[in-house]
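Note that the structure is a prediction, hence the values are computed from the model and not measured.
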Amino acid sequence: MEQIHWVRHRWQQLVAAESGRGRYSAPDTVPTKSSPKLHNAQRLTGKRRTVIARHGPHQHEYDSVSKGCQGNGIRTTKYSLLSFIPMNLFQQFHRVANLYFLFLVMLNWVPVVEAFQKEITMIPLVVVLIVIAIKDALEDYRRYRFDQKVNNNVATVYSGKQQTYVDQRWQDVRVGDFVRLSCNEIIPADMLLLYSSDLHGVCYIETANLDGETNLKQRQVVRDLPQGSELTPENFHSRIECENPNNDLSRFRGYMEHPSNARVGLHHDNLLLRSCTIRNTETIIGIVVYAGHETKAMKNNSGPRYKRSKLERRMNMDILWSVVLLVIMCLTSAIGHGLWLRNLEGASFLIPDTTSPALSGFYLFWTMIIVLQVLIPVSLYVSIEIVKLGQIFFIQNDVDFYNEYLDSRIQCRALNITEDLGQIQYVFSDKTGTLTENKMVFRRCTIAGVEYPHEENGEKSNLILLHHYQGCNRSSVSLHTLTGHSEEEGEETSSPTLPRHSAFSSPMEKDVVPDPLLVQKLNCLSSPLFLLTDASMELTYIVDFFMALAICNTVVVSSPNQPRHNRIGVSSTPLKSLEDIKMLFQRFSLPRFSTLSPPHTTDSTRSFTGRLFAREDGDQGDEEGEHGSWKGEEDKIVQLNPGAWSGLENSNGAQDPPGELGADELIYEAESPDEAALVHAARAYHCTLRGHSLERLLVELPGMGSLAVRLLHILPFDSTRKRMSVVVRHPLTKQVVVYTKGADSVIMDLAESPKGAEQSESRQGHIKEQTQKHLDNYAREGLRTLCIAKRVQTSTEYEVWLKRHAFAETSIENREELLLESAQRLETNLTLLGATGIVDRLQEEVPETIEALQRAGVKVWVLTGDKQETAINIACACKLLRSTDQLLTANCGSKVNVILIEACKALLLALRAEMECGEAAEGTSGFTLVVDGRTLEFALQEDLKGDFLELSRCCRAVICCRSTPLQKSQVVRLVQDQLQVMTLAIGDGANDVSMIQVADVGIGISGQEGMQAVMSSDFAISRFKHLRKLLLVHGHWCYTRLANMILYFFYKNVMYVNLLFWYQFFCGFSGSVMTNSWVLIFFNLLFTSAPPLLYGILDKDVSAETLIKLPELYKSGQNSKAYLASTFWLTMLDAIYQSLVCFFVPYFAYAGSDADMLSFGSPINASSLLIILLHQVIESRTLTWLHVLVLVGSALFYFSFTLVFSVVCVTCSPPTNPLGVDKLQMSQPLFYGVCALTTVLALLPRFLFQALHNSICPSDTVTAALMDQLNPDDYCRRMQRWNQTQAQSKTRSLVINVEDSDIKVPDPDFRLPSELKECSAAAGSLLS
C-alpha cells in the first residue's frame, strides 16, 4: 500500500512540474500546525522515516514501523574470518596486472604452450598476493579492534521490562530507544533532544570528534515539550517523522506529531549527532532516530582519499607500450619458429610431429608470452605503494611542519598522489584564514554616517602585531606595516596553548580601546538635557548599533566560575534552606534577568531611554533637523558631560592584566572570529552581552543597566543570503525589531530607499552615501567590512510573517528553500545603522611563500569573497601584487542579459589588447587581473570561457573577488580542464571544500573555521608557509624519486627480457632459456627488488636548503623533465644496448667451447645483475651506507643463492639439471673476466654521456647539486651569480638575492592606481 501512495505522490509531482509549479508549490494560504491541509501536504511528500518509542504506548507498532532500521553496532572491517580469502582475492583481482599474471599462470598449465614448471610460474603472483593480503589483514584487524572498542561502550538506555534506565552496550541500542546521558559522555547514536536539565531546554555539545571544532554548539529541546521534570518514556505518545538517513551534517528535517494532531517542526538544532560529547549539561534525554551506519557521522566516514596521479597515468601508458613491445617480440619468435620448422622439414634430428609449422608458431607465441612475462613488471605496483608509504612517512615526520601552537603536524590523507606535489602549475588560494590569521581585531566603525577611527586602538593593534612577529622571529609583512610603522621591541607571546574555553578570545580580540568621541556620545544617555537636541536621533542609531553588535550572534556566554551555558537562569541544585526557597520565588516573580541588574539602574533613566526610542519611531516623517550630518551637534554632546570619558576608559576590562580573568570577566565562545571581535568591541563601550539563552538575552547598556531582551527568532548566516538576523522584542519599546548584519554588498542593497525627498537631502540617503565612502576606505586599508541594519515590524506584519515561517519550519520537502524565502521576506527595507572594519593580519611568511611559488613558475590565484579593494590591498601586502605590476580590473554590471554579456566580452578583449600594448612598456614586470564576482559569473559562461582563459593565462596572478563557493570550484575546474595543467587548491573553511575536492591536489588548513576543509583534503597543514617546503622540497623529491624509480623498473625488466629474446635466435625460436627457471623468476622478484625501493625513498638530487633558496629548480617537475616520452624511449634503447653487450660478449667468449646451455647462461645472469645494480649507482644522486649495504647485499644474495642451488638441487628444475653448473663457473677466471668486461662495456656509454652532458650543458639540478658540495663562502658567491643569471634572462622579473635582506620588497605605500582598467557594463566603455 505504501508503494501505491509513493507512486501516486511521484505522479502528482510530475504533473505539478509540467504545469509550471515545480516540485513544490506553496499554498495560497498558510495553514496552521494542526490544519488538515498541512497534514495532507506533508503526508504526500516522498519517502521518510517514522520513529516511535520502543517502550512507549505504541510499542505494539514498533516492529512494523522500525523494520528497515539498522542496529547501532558498527562494522568498518572489510572481511570476516570466513570471507577473508575469497573477498581479498576478489579485491586484488580487480587489478588488471594481477589478472594478466593469473592468465599467464593458467596458460602455463596448457601442455602445448608450457614453458616452465607449473609451480614456478605461480610464484610471482602468489608472492604479490600474499604480501598484499598480509597488509590488508593487518589493516582490517586494526579496524576490528577499533569497532569492538566502540561497540562495547556503555550508555544508559531505558528498559521497558525494568521500567528504568539500565546500562547497555552501544551495539544493543536501537532506533526508538530513550537514552539518558550526563556531562562529558559521548553520544552513541543520532538522537532527538527531548529533555535537558537546563531550565531553558538547552544542551551544549562538542563536535571535535566529528569536525574537529572545539567550541561548543548549542542544541535545544523540541519545542512545546514540558521541561519542568524529567521525561517519562511511558507517557511519550508522540510520533516522529523525519527524512531518511543522509550525510548532511548541517541539515535535519522532520516534525513531531502529538496525539492532538498538532505538529512541531524539527531542525538540526534539535539533533544530537553520534560521536559528539555532552558538555556543561547535567542530564539530557533523547530518542534515537538514526543508529549505526545510518548515523550522519558514519555516512561521512569515507576513509582515506584515493586519486590517480599524473605520473601514474603516464606510467600506465608506458606499460601499454611494453605490452606492444612484448607482442612484437612474441610475434617475431612465433614467425621465426614457423620458418625454422618449415626450412627443416624431414630433418633426421626432429621428432616426427603432425603439427604444422603455422600451428607450432601459434603455440610458441603463447609460450613466449610466458617466457617474456617479466617485461610487464608485476611487482612495480607493489613497489610504488611501498615507496609512497616511505615518502609519506618522511613528510609526516618533518619537524618543519610541526606547529607548536596548535600541537599539530602535517596530515597525508591521500596516499597515492605524493608525486603530484612536484608538478603543480596553478595554486588557488582562499584569503581569510589561509593567507591571514582569521583572528579579527576591531579596528574602525561608522555609525549614522559618522566615522570613529579608533586611532589609539589601531596603534595598539599594530603594536600587538609587531610583538607577535618578533615573538615568532619571522619577517612577514603585516597589513598595517604598509603605512610605514616602525617595529619596536615587544614582549614574547604568551603561552602557546590557549585554553579551550577561550575560542576566538585572544588578548588581541578582547582589548579594544574605545574612541573618545563615541564614548562621550554614549555617556550623554545619562543627561536628560540631551533629549532636547537634534543629535538625540544619532544616539538612537548608536545604541541600536551596539545593541546589534551585542545580540546579533550565537555567542555562548560564561564566566570563570560558572558553566558556559548557565549564565542565565536558576540553578538546578537542591534547595537546602528557607533562604534558597525565598530567592527562588524572587527569581520567578521578577523578570528573568532582574537579579543580575546593577544597582545603579533607575526608572528615570529607563523612562528617558524609552522616550528616546519612541521619538525615533515616531519621527520617521520629519525631514528637517533629523537628517544630514550631525557634525554641528558634536560640540553640544561633548559639553554636556565633560567627565564622561572617565567612566568608560577602562570599560574593556583593562584593569586586569591581559590574559587574566577578573572578578566579573566574561568568556565569549563564538562560532567565528568575526562574532567574537564584534561582541568584545560592544563590551568596550559597556554594551555588554551578559547572558544568552534559548528565549532571552541579557544585555547591559550604558546608563540603563541590564535589560532582558526576548529572543524570538535567529535567522542564521548562509552563503546565499550572506547575512544573519535576530528577531527580538525590544526591551524598551516592546516592538518587534529585526537586527541584521552581513556583507556590505547585500545590506546596502536591502537598505530602504528614502521616500518623499531627494536622496542627497534625506537622512538615510546621507547615511548610505557616507557609509559607502567609509566602506571603500576600509577596503583599501585591507579591513573586513560588515554592515549593521535593523527593521521595526508592526504586530500585523510580524504575525503574517510568523505564520509563513512556522509553515516553513514544519516542512520536510524544500525546507531550506522555504526558510530562505522566509528570511528574505523579513530582511527587506532595512534601516542602515552603520558598518564595522575589522583587521585580519597576515600569517607569518606568507609574502615569502608566495614570492617563492611565483619564482618556481607557479601561478597563484586568490579566490575570496571579500571586497575588491580589500583583496587588492592584501595581495599587495603578501607580494602577490608588486609595485611594478600593471593592474587590470574587470567589473561588469549586476544583471545577466545579452547586452551585458557582450559588454563583458568586449571588456575582456579590450583588456587583452591593453596587455599586448603594455608588454612593451618599460618598468612593467607583469600583469595582475582582478575580477569581481559578477564579471566572473559572466566569464564562466560557455561563450566567454575562452576569452577569460586567454586573458588570465597571460597574467602573473589573478584575484577573484566576491566569489561564491560554487564559483571557486568552477574556476578551478575550468583552468584544470581547458589548460590541462596541474592544480592545487588550499583553504581552511567549509566554503573551500568544493574547490579542494575539484583540484588535482587539495590542501586544507586546520585553522579557526573548523576541520571541514581538512576532512575533504588530500593533505592538511596548519600554516600557509608550510606550502613552500611541501611543494618546493618534498614535492620535488617525491616526483623525481618516483619518476626515476619507474624508469629504472622499465629499464631493468627490458634489459633482462631481451637477453632471453636474443637467445631465441640461437635455439630455433623454441622458447628455451639459457638459465634455470628459479633464477629467472627470482631475478626481478628478489635479487633486484630492494635497491629500487631504497632509490625511490631516499634518493636526494638537491638538498632541502638549496631547493628553498632556488625555487626555480621546481620547474623541472612542472615540465616533467624527469619522465618525458623521450626519456622513456632513450631508457629503452639503453636497455636494449646493454642487453646486446651482456649477451654477445659471453657468446663470443665461450664460442667454440664445450659450455652447455646453463654454463653459457651463468655469466650472462651474473653480468646482468652487476650491470643493473651499478646502473642504479650511476643514476643515484645520493649514496649512503644504507645504499651500499642494500646493493652489496643484493649481489651477495644472488651469488649465495645460485651457489647453494647448484650444490644441493638435483631435480629442482626438470628437465634441465643445474647441479654443479654455477659452482664450476665461479671457480674459473674466465667467468670473472667476462663479467667485468661485460659490465664495463655495457655501462661505459651511459657513464660517458652523463659526464659529458653534466660538464658541457648541465641541468639546473646538477648545477645546484654541485653547489651543495662547496664551502659556505663559495656557495654564497655561486648562489648570487645564479640569481644574477636568472635576473638577466628575465628582464621583467625582480632581482632577488639569496639572503632575506637582499629581497626587494614592493613599495610599502603602494595603493591601487587611479588609472585602473575598469569597465562600466552599462555604458560598455573601458576606463583607463
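In this structure, the ring of Phe1160 has its center less than 6.0 angstrom from the ring center of Phe1143. In this structure, Phe1066 has its ring center closer than 6.0 angstrom to the ring center of Tyr1147.
Counting non-hydrogen atoms of neighbouring residues, nucleotides and ligands closer than 6.0 angstrom, the CZ atom of Phe1065 exceeds 12 such neighbours. Shown here is Leu1130, whose CG atom has more than 12 heavy atoms of other residues, nucleotides or ligands within 6.0 Å. Under a cut-off of 6.0 angstrom, the local environment of NZ in Lys1223 is sparse, with at most 12 non-hydrogen atoms contributed by other residues, nucleotides or ligands. No more than 12 heavy atoms of other residues, nucleotides or ligands sit less than 6.0 Å from atom CZ of Arg145. At most 12 non-hydrogen atoms from other residues, nucleotides or ligands lie less than 6.0 angstrom from CZ of Phe146.
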Are Ile369 and Trp366 close enough, and set up right, to give a side chain to side chain contact (heavy atoms under 4.5 Å, CB included), and what steps lead you there? CA-CA 5 Å; Ile369 289 285; Trp366 297 107; 4.3 Å; yes

Let's go through Glu419 and Lys310 carefully: what are the C-alpha distance in whole Å and the side-chain angles of both, what is the deciding distance for salt bridge (charged side-chain N to carboxylate O under 4.0 Å, His left out) to 0.1 Å, and is it a yes or a no? CA-CA 8 Å; Glu419 66 272 25; Lys310 180 180 179 181; over 6 Å; no

Determine, step by step, whether Leu380 and Met315 satisfy the side chain to side chain contact (heavy atoms under 4.5 Å, CB included) criterion, reporting the C-alpha distance in whole Å, the side-chain angles of both residues, the deciding distance to 0.1 Å, and the verdict. CA-CA 10 Å; Leu380 177 58; Met315 180 192 71; 3.6 Å; yes

Derivation of the side chain to side chain contact (heavy atoms under 4.5 Å, CB included) call for Tyr1051 and Gln1138: CA-CA 10 Å; Tyr1051 151 77; Gln1138 291 185 13; 2.3 Å; yes

Mind running side chain to side chain contact (heavy atoms under 4.5 Å, CB included) on Thr1075 and Ile1164 for me, showing each step along the way? CA-CA 9 Å; Thr1075 181; Ile1164 292 179; over 6 Å; no

Determine whether Lys78 and Glu139 satisfy the following criterion, salt bridge (charged side-chain N to carboxylate O under 4.0 Å, His left out), listing intermediate values before the conclusion. CA-CA 10 Å; Lys78 294 182 180 179; Glu139 291 181 356; over 6 Å; no

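Counting heavy atoms from C-beta outward, Asp1222 and Phe1205 have side chains that stay 4.5 Å or more apart. Using a 4.5 Å cut-off on side-chain heavy atoms (C-beta onward), Met106 and Trp109 make no contact. Between Leu1098 and Thr1182, the closest side-chain pair of non-hydrogen atoms is not below 4.5 Å. Side chains of Tyr141 and Thr77 form no contact here, defined as non-hydrogen atoms less than 4.5 Å apart. Residues Leu1248 and Leu1244 form a side-chain contact, since some pair of their non-hydrogen atoms from C-beta on lies under 4.5 Å apart. Side-chain atoms of Phe1249 and Asp1134, non-hydrogen and from C-beta on, never get closer than 4.5 Å to each other. No side-chain heavy atom of Thr76 sits less than 4.5 Å from a side-chain heavy atom of Tyr144. Looking at heavy atoms from C-beta onward, Val387 lies in side-chain contact with Met1045 at the 4.5 angstrom threshold.
Formation of a donor-acceptor pair under 3.5 Å by the Asn1044 side chain with backbone atoms of Thr1040 is found in this model. Looking at Ser83, its side chain never comes within 3.5 Å of a backbone N or O of Tyr79 through a donor-acceptor pair. The closest donor-acceptor contact from the side chain of Asp140 to the backbone of Asp136 lies at 3.5 Å or more, if one exists at all. A donor-acceptor pair under 3.5 Å is absent between the side-chain atoms of Asn108 and the main chain of Leu104, judged by distance alone. Within the 3.5 Å criterion, the main-chain N or O of Met1226 finds a donor-acceptor partner in the side chain of Tyr1232. Asp1099 places no side-chain N or O within donor-acceptor distance of the main-chain N or O of Tyr1095, the cut-off being under 3.5 Å. A donor-acceptor pair under 3.5 Å links the side-chain atoms of Ser1153 to the main chain of Tyr1150, judged by distance alone. Remark: side-chain polar atoms of Asn1053 are paired, donor with acceptor, to backbone N or O of Val374 under 3.5 angstrom. Listed for the Arg1181 side chain is a donor-acceptor partner under 3.5 Å among the backbone atoms of Glu1179. Within the 3.5 Å criterion, the main-chain N or O of Cys1235 finds no donor-acceptor partner in the side chain of Thr1238.
Nearest heavy atom pair, residue Trp1062 against residue Ser1139, reads NE1-OG, 3.0 Å. What you find for Cys1142 and Leu1059 is that their closest heavy atoms are CB-CD2, 3.8 Å. In this structure, Ser1116 and His1036 approach most closely via the heavy-atom pair OG-CE1, 3.6 Å. The two residues Gly1117 and Gln423 come nearest to each other via the heavy atoms O-CG, 3.2 Å. Here the shortest heavy-atom pairing between Leu311 and Ala1043 reads CD2-N, 3.8 Å. Minimum interatomic distance between Asn88 and Ala133 (heavy atoms only, all atoms of both residues): OD1-CB, 3.5 Å.
Between the CZ atom in Phe1069 and the CE atom in Met368 there is a gap of 9.0 Å [rounded to 0.5 Å]. For the atom pair CG of Leu1140 and CE of Met1055, the computed distance is 10.0 Å after rounding to the nearest 0.5 Å. The structure places CH2 of Trp340 at 7.0 Å from NE2 of His337, a figure rounded to the nearest 0.5 Å. Separation of atoms CG (Asn1165) and CG (Leu1080) is listed at 8.0 Å; rounding is to 0.5 Å. Taken to the nearest 0.5 Å, the CZ atom of Phe1087 stands 10.0 Å off from the OG atom of Ser1194. Residue Leu1196 holds its CG atom at 9.5 Å from CG of Leu1189, rounded to the nearest 0.5 Å.
Lys1052 forms a cation-pi arrangement with Phe1049, by the criterion of a distance under 6.0 Å to the ring centre and an angle within 45° of the ring axis.
Between the side chains of Ser1070 and Gln1064, no donor-acceptor pair is found at a separation under 3.5 Å.
Ring planes of His1034 and Trp1037: perpendicular class, angle over 60° (limits at 30 and 60°).
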Atom pairs and distances, side-chain donor-acceptor, residues 316-333, under 3.5 Å, sequence neighbours left out:
from, atom 1, to, atom 2, distance (Å)
Asn316, OD1, Tyr381, OH, 3.3
Asn316, ND2, Glu312, O, 3.3
Asp318, OD2, Tyr1123, OH, 2.5
Ser322, OG, Asp318, O, 3.1
Thr332, OG1, Ile328, O, 2.7
Ser333, OG, Met329, O, 3.1

